[in-house]
Amino acid sequence: MPYIELNGTSLYYEMSGSGLPIVFIHDYSTSHHLFEPQAEYFSKRAKVIVFDLRGNGQSGKMDVEISRIVDTQCEDLKLLLDALSVEKAVIVACSSGAVLAQKFAYLYPERIINMVLVDSYFQEDYTARGSKMKGIFEVCAWAAHYLPAEMFIRSLRITYNKWLSAYHILRKELVHERTTELIKQRLALRQTDSYGFALRLQIPVLVVSGNQNEWALEQVERTAGKYPSARLAILEDAMYPTHLCQPQLFNRILLDYLREQHSFQQAAASD
């Protein structure tokens with residue numbers, strides 16, 4: 001199995017294909033399986049790297065302070081790229097994984113070609129009026145993750161009835177969820193100023209969302225408008241995770257975007 005020891009932990013990763021390096025970052029509570037259709041498609045056109053973040057999937061435990069989680073995961077990614085001799089890469093990240101991607105781009109801008117954020121929006125300000133009560137409800141929702149996964153499979157099946165490929169991957173992720181470490185990472189997000197460092201990004205950003213969740217779409221649209229250099233792509237008949245609900249369409253949009261941005265040429269020039 002492809003494990004690598006670095007930064008005091010063990011990371012599970014897979015690398016396939018050659019050419020332009022594309023790193024796919026899953027969100028918290030899932031694993032590298034979240035990008036299975038993309039790994040298969042792009043490994044024939046580029047060098048694909050998928051991995052499990054510390055505290056997720058088959059990687060090592062989340063054995064750092066909550067305030068250090070996001071920074072530590074950024075360090076893990078940098079060291080992984082170093083070990084794989086990848087100087088610069090395209091970063092594709094989903095949902096909460098996009099916070100890590102943006103922090104990584106902020107800390108190590110020289111390692112990024114461009115970035116694609118899927119179903120990502122800024123976290124609301126918890127100092128705002130009424131946010132304490134929302135925070136209490138959120139913590140209660142987190143506690144529900146300790147209930148048996150089987151209790152949620154039926155509702156998951158109903159929600160993703162139109163998108164069975166997404167359902168099967170999410171079902172597998174639900175069964176193998178690492179609940180305590182998930183909650184630690186969610187708490188870390190509460191302490192991370194994703195809005196602040198995202199606004200400083202000067203790299204091209206593609207923001208992708210489905211149109212089936214109106215509230216989420218509104219947040220994504222509002223977020224996309226804040227980046228210095230961003231393009232928004234809305235996929236019909238899709239919701240989180242948009243790239244799994246419409247994998248073929250997402251793959252085409254991503255490939256077209258990378259070609260338009262001359263990402264393949266940039267990677268070839270840096271070799």
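- Ionic pairing of Lys172 and Glu177 is not present here: no N-O contact between side-chain nitrogen and carboxylate oxygen is shorter than 4.0 angstrom.
- Salt-bridge annotation for Asp82 and Lys78: present, with a side-chain N of the basic residue lying under 4.0 Å from a carboxylate O of the acidic one.
- Between Val207 and Thr223, every side-chain heavy-atom pair lies at or beyond the 4.5 Å cut-off.
- Inspection of the Glu173 and Ser31 side chains reveals an N or O donor paired with an N or O acceptor under 3.5 Å.
- Side-chain contact between Leu84 and Met15 is present, with heavy atoms from C-beta onward closer than 4.5 Å.
- Taking the six-membered ring where the residue is Trp, Phe42 and Phe24 present tilted rings, their angle falling between 30° and 60°.
- Between Arg231 and Glu260 there is a salt bridge, since at least one side-chain N of the basic residue sits less than 4.0 Å from a carboxylate O of the acidic one.
- Taking the six-membered ring for Trp, Tyr121 and Trp215 have ring centres closer than 6.0 Å.
- For residues 41-61, the salt bridge (Lys or Arg N to Asp or Glu O under 4.0 Å) pairs, not counting sequence neighbours, are Arg54-Asp63, Arg54-Asp76.
- In this structure the side chain of Val118 reaches within 4.5 angstrom of the side chain of Phe250, judged on heavy atoms.
- Counting only heavy atoms from C-beta outward, the side chains of Gln38 and Val48 never approach each other to under 4.5 Å.
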For this session: Please report the C-alpha distance between Asn211 and Glu236 in whole Å, then the side-chain angles of each, then the deciding distance to 0.1 Å, and finally whether the side chain to side chain donor-acceptor pair (under 3.5 Å) criterion is met.
Result: CA-CA 6 Å; Asn211 70 338; Glu236 298 292 325; 2.7 Å; yes

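- When ring centroids are compared, His243 and Phe35 come within the 6.0 Å threshold.
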Pairs under 3.5 angstrom only: tabulate donor-acceptor contacts from the side chains of residues 98-107 to other protein residues two or more places apart or in another chain.
unit_1	atom_1	unit_2	atom_2	d
Gln102	OE1	Tyr227	OH	2.7
Gln102	NE2	Ala98	O	3.0
Lys103	NZ	Asp71	OD1	2.6

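- Side-chain contact between Phe264 and His262 is absent, with no heavy atoms from C-beta onward closer than 4.5 Å.
- In this view, Asn56 and Gln185 satisfy the side-chain hydrogen bond (donor to acceptor under 3.5 Å, both in side chains) rule, not counting sequence neighbours.
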